[in-house]
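I have placed the structure first, in the form of structure tokens, so that the comments after it can refer back to it.
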Amino acid sequence: MTTLNLLYFARLRDALGCGQETLTLDGAATVASLLDALRARGGVWAEQLDAARSFRVAVNQTVAHAGQALADGDEVAIFPPVTGG
Amino acid sequence: MTTLNLLYFARLRDALGCGQETLTLDGAATVASLLDALRARGGVWAEQLDAARSFRVAVNQTVAHAGQALADGDEVAIFPPVTGG
Amino acid sequence: MSAAFTVAVQTARFDPGAEMAQLAGLPDVGAQVCFVGQVRDFGDSQAVTALELEHYPGMTEKSLLAILDQARARWPLAAARVVHRVGYLPLGEAIVLVLTASAHRGDAFAACEFIMDYLKRDAPFWKKEHTAAGSHWVEAKHSDQQAAQRWQ
Amino acid sequence: MSAAFTVAVQTARFDPGAEMAQLAGLPDVGAQVCFVGQVRDFGDSQAVTALELEHYPGMTEKSLLAILDQARARWPLAAARVVHRVGYLPLGEAIVLVLTASAHRGDAFAACEFIMDYLKRDAPFWKKEHTAAGSHWVEAKHSDQQAAQRWQ
């Protein structure tokens with residue numbers, strides 16, 4: 001079991017209607033398997049997190065790639081490309 | 001007759017022992033003929049204004065080349081390469 | 001002297017003069033370069049009246065400090081600082097300050113522009129533009145991706 | 001708006017924050033870049049305690065304004081300003097400020113660095129270094145000639 005603290009920001013938070021949630025996945029998880037689980041919710045989740053869309057994932061506040069393993073208690077943030085400055 | 005207001009700055013003024021002078025040349029003058037007249041004074045003048053030395057000439061506050069003609073009343077400044085900023 | 005490499009994320013205004021004055025006493029510093037970005041009246045939209053800046057608390061600071069570390073590894077810097085504001089910022093308000101100090105001007109200029117380019121690409125801030133017609137999230141720009149890439 | 005392109009040569013200190021604040025209100029300005037050069041403890045000599053700056057009154061201002069004109073011809077600038085101090089300047093004192101404002105940061109950065117490089121090559125200022133062992137005129141640097149040449 002992998003319990004994750006999920007954060008969503010900016011346009012993505014608005015589109016998903018969610019800023020933060022706690023999600024538990026069965027067994028070992030990676031960034032890719034987390035995204036699959038979220039897309040499986042359908043609707044805006046499938047649409048916004050479609051692989052063709054542009055978004056980033058950070059694990060424990062560092063940008064992560066799809067293959068990265070997730071550990072119990074990890075903070076995983078999903079957000080649009082940044083536009084600060 | 002060409003009467004010129006001559007200015008010397010920084011290291012060159014110190015070496016020549018002169019910051020400003022009025023000089024009258026016979027007939028038409030150019031930057032080059034002015035420099036020849038100054039070098040003809042010998043001593044530090046010949047030494048400091050030797051063609052191998054690095055210095056600049058400005059006529060009426062604009063950098064000038066050797067062939068530039070000088071008019072009566074011109075302000076001619078001779079100075080070392082600049083080092084501001 | 002890593003205390004000279006600092007970042008701040010805040011809603012409050014910053015004072016570029018005070019930031020620069022703090023580095024005025026360093027004896028081996030010959031050059032300071034200070035960049036300030038401010039809210040202008042055009043972006044993705046025309047007639048922008050304000051921006052709203054959101055960020056990812058915690059990751060923002062980590063990301064900015066990592067960018068300063070990358071700059072220090074490339075150029076001999078005596079100090080560098082980033083201050084980035086968040087929240088509601090009307091037209092003309094300052095958004096971000098990047099300040100670098102070095103013995104030589106070329107290094108201070110390059111490092112300041114590098115930090116700003118990397119901030120635009122990597123630091124988790126998001127802008128929403130407000131206009132009379134409504135508000136919308138700003139899209140990431142290809143030109144900002146290119147600006148960061150030229151340092152590689 | 002040529003009133004936005006100004007130069008000053010003065011013995012008095014300048015205030016970078018106040019200079020930048022004057023441009024904060026321009027609605028089409030997204031970026032300001034401010035360079036400040038200050039007296040450091042090494043130059044041609046080690047252990048420099050002060051500089052003395054001499055200039056050619058009249059030609060200095062003309063030369064600085066001509067450099068701003070060249071910068072405006074190359075980059076879309078909303079404003080630019082140069083303030084250069086003369087006289088006796090102890091260690092740590094600010095010598096020169098170059099400030100540029102533009103819609104985009106790339107233009108503001110490039111113009112600021114260009115103005116500074118051309119100032120170093122063309123503006124009639126001369127530095128004398130003071131150390132415990134005496135004082136001497138600073139020699140022009142080949143690196144400053146090269147810095148200006150790369151814009152051509």
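So you know, we letter chains A, B, ... as the sequences are listed, proteins then strands, and number each from 1. FYI, side chains are in, hydrogens and waters are out, and symmetry mates aren't considered; it's all heavy atoms of this structure.
Across D:Asp28 and C:Phe42, no two heavy atoms sit closer than the pair O-CE2, 4.1 Å. The minimum heavy-atom distance between C:Pro16 and D:Met20, with the atom names listed, is CB-SD, 3.8 Å.
For C:Leu99, no part lies under 4.5 angstrom from a heavy atom of chain D. Neither the backbone nor the side chain of C:Ala101 comes within contact range of chain D, judged by heavy atoms closer than 4.5 Å. Of the two parts of C:Ala31, the backbone and the side chain both hold a non-hydrogen atom closer than 4.5 Å to a non-hydrogen atom of chain D. C:Val48 does not touch chain D: none of its heavy atoms, backbone or side chain, sits under 4.5 Å away. Heavy atoms of D:Ala18 lying under 4.5 Å from chain C are absent altogether.
Around CZ of C:Arg150, the count of heavy atoms belonging to other residues, nucleotides or ligands within 6.0 Å exceeds 12.
A donor-acceptor pair is defined here as one N or O able to donate and one able to accept, closer than 3.5 Å; such a pair exists between the side chain of D:Gln38 and the backbone of C:Ala24.
Across C:Asp144, C:Val36, C:Val96, a single residue satisfies side chain to side chain contact (heavy atoms under 4.5 Å, CB included) together with D:Arg105, and that is C:Asp144.
Aromatic rings from C:Phe109 and D:Phe109 are positioned such that their centres are separated by 6.0 Å or more.
Of the listed residues (D:Gly30, D:Gly106, D:Cys112), the greatest number of heavy-atom pairs within a distance under 4.5 Å of chain C belongs to D:Gly30. Heavy-atom pairs under 4.5 Å with chain C peak, among D:Val29, D:Val33, D:Val39, D:Thr100, at D:Val29.
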